[in-house]
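One structure below.
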Number of protein chains: 2
Amino acid sequence: MNEINQQTYSISELSKEFEITPRSIRHYEQEQLISPKRAGSQRIYTKGDRVRLQLILRGKRIGFSLAEIREIITMYDSPSGEQKQTELLLDKIEQRRKALNQQQKDIETMLLELNQLENRLIK
Amino acid sequence: MNEINQQTYSISELSKEFEITPRSIRHYEQEQLISPKRAGSQRIYTKGDRVRLQLILRGKRIGFSLAEIREIITMYDSPSGEQKQTELLLDKIEQRRKALNQQQKDIETMLLELNQLENRLIK
DNA sequence: AGTTACCTTTACGTTAACGTAAATATGAGA
DNA sequence: TCTCATATTTACGTTAACGTAAAGGTAACT
């Protein structure tokens with residue numbers, strides 16, 4: 001039992017599921033964030049591609065640029081072989097983490113401010 | 001003891017403190033996010049303006065557009081008088097909160113993924 | 001064979017958030 | 001008075017992230 005359960009998706013299927021335009025998905029491909037296979041000229045997306053698309057959209061919601069998301073993605077795709085490269089990756093991971101932690105703080109303060117504002121209004 | 005401790009800032013002082021260009025600050029003014037007083041033609045920023053600028057930058061770090069930030073700011077400046085308006089404001093607050101909660105989730109998943117990636121590299 | 005529903009590539013258009021340059025004003029110090 | 005630092009307004013330029021045609025290919029009904 002091999003080669004079974006290889007579900008794939010068309011571009012319109014994914015665009016409907018995630019509520020984005022096909023144009024956006026093609027744009028992400030053009031920006032090297034995703035690389036679907038082809039059947040002739042038609043793009044075919046695997047489950048892995050779908051996961052990657054989810055990662056892209058998650059990054060966008062957090063406010064990352066496509067360039068930043070590409071950096072993250074290429075970290076995932078790194079051969080994980082050479083030591084020097086690994087150091088660099090760990091560095092970048094640490095940077096990302098710091099930015100994300102800062103965002104967490106920012107979000108929490110903003111949530112607090114919203115609460116205060118709400119209280120002012122309700123009172 | 002009134003009218004004391006009214007510290008103010010010039011545009012370059014604020015731009016240095018927050019590591020942004022004066023151009024950006026003027027842009028925020030043009031977009032109605034801040035409204036400093038003037039001494040002749042020169043802009044003079046009060047402590048309140050400074051706080052507002054911090055709010056702007058915090059919003060930016062979270063990934064908000066200037067338009068969204070302006071919405072939040074105008075919520076703060078609302079007269080808090082009419083009931084109908086108040087309802088609308090509470091609605092918008094709720095929307096903001098939902099978006100922020102989603103972002104918190106997104107950030108946490110991304111932090112988890114970074115951890116996994118790191119473990120893969122260290123192992 | 002004709003229409004319909006998707007798909008493709010190419011390419012110009014648009015918006016946000018500034019960058020950058022030019023020309024000008026102003027107060028402080030040498 | 002001259003120069004320097006800092007300020008102003010005006011306006012065109014730039015980049016990212018798509019939007020929006022336009023022109024055409026392909027597989028499946030009718």
Side-chain angles (χ1 to χ4, degrees), chain A residues 7-46 49-50 52-74 96 99 103 106 110, chain B residues 7-46 49-50 52-74 96 99 103 106 110:
Chain A
Q7 194 184 345
T8 62
Y9 313 85
S10 76
I11 194 168
S12 65
E13 281 171 346
L14 288 184
S15 74
K16 274 164 197 162
E17 175 173 4
F18 295 116
E19 302 187 284
I20 58 182
T21 67
R23 172 64 166 109
S24 297
I25 301 183
R26 294 198 192 99
H27 182 62
Y28 301 150
E29 179 177 352
Q30 198 172 309
E31 295 293 317
Q32 324 249 42
L33 301 183
I34 196 171
S35 322
K37 292 174 182 169
R38 303 274 182 147
S41 68
Q42 300 212 183
R43 275 165 255 252
I44 292 181
Y45 298 87
T46 68
D49 292 326
R50 206 187 84 113
R52 182 160 291 202
L53 187 53
Q54 286 181 307
L55 194 153
I56 295 173
L57 299 178
R58 199 183 308 126
K60 292 220 66 190
R61 283 195 302 266
I62 302 180
F64 287 175
S65 69
L66 295 186
E68 289 171 316
I69 296 173
R70 177 175 43 213
E71 259 217 4
I72 296 176
I73 284 180
T74 47
R96 279 290 144 232
Q103 276 192 275
D106 288 331
M110 193 154 288
Chain B
Q7 193 185 346
T8 62
Y9 313 85
S10 74
I11 194 170
S12 64
E13 280 171 346
L14 288 185
S15 74
K16 274 164 196 160
E17 175 174 4
F18 296 116
E19 302 187 285
I20 58 181
T21 67
R23 172 64 168 109
S24 296
I25 301 182
R26 294 198 191 96
H27 183 62
Y28 300 151
E29 180 179 352
Q30 199 172 308
E31 295 293 316
Q32 323 250 41
L33 302 183
I34 196 171
S35 321
K37 293 174 180 166
R38 302 276 181 145
S41 68
Q42 299 210 187
R43 274 165 256 252
I44 293 182
Y45 298 88
T46 68
D49 292 327
R50 205 187 84 112
R52 183 162 291 204
L53 187 51
Q54 285 180 306
L55 193 154
I56 296 173
L57 299 178
R58 199 184 307 126
K60 292 220 66 191
R61 283 194 302 266
I62 301 178
F64 286 175
S65 71
L66 295 186
E68 289 171 316
I69 296 172
R70 177 174 43 212
E71 260 217 3
I72 296 177
I73 284 181
T74 47
R96 279 290 144 231
Q103 276 191 277
D106 288 332
M110 194 156 289

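Residue numbers start from 1 in every chain, and the chains themselves are labelled A, B, ... in the order their sequence lines are given, proteins ahead of strands.
- For the 3.5 Å distance criterion, the side chains of A/S24 and A/T21 qualify, holding a donor opposite an acceptor.
- A distance-only check finds no donor-acceptor pair linking the side chain of A/R70 to the backbone of A/Q32 [under 3.5 Å].
- The separation between A/Q42 atom CD and D/dA27 atom P is 8 Å, rounded to whole Å.
- Across the protein-nucleic acid pair, B/I44 atom CD1 and C/dT26 atom C1' stand 13 Å apart, rounded to whole Å.
- Taking only side-chain nitrogens and oxygens, B/R26 comes nearer than 4.0 Å to OP1 or OP2 of D/dT8.
- With a 6.0 Å cutoff to the six-membered ring centre and a 45° limit on the axis angle, B/R96 counts as a cation-pi contact of B/F64.
- A side-chain donor-acceptor contact under 3.5 Å links B/Q103 to the backbone of B/I62.
- Side-chain contact check for B/Y45 versus B/I25: some heavy-atom pair is nearer than 4.5 Å.
- Under 4.0 angstrom from either OP1 or OP2 of D/dT9 there lies no side-chain N or O belonging to B/S41.
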Exercise. Could you run down nucleotides 10-20 of chain D 5' to 3' and tag each one B, S or - for protein heavy-atom contact under 4.0 Å?
Worked result: -B-----BBBB

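- In terms of modelled atom types and a separation under 3.5 Å, the side chain of A/Q42 and the main chain of A/A39 share no donor-acceptor contact.
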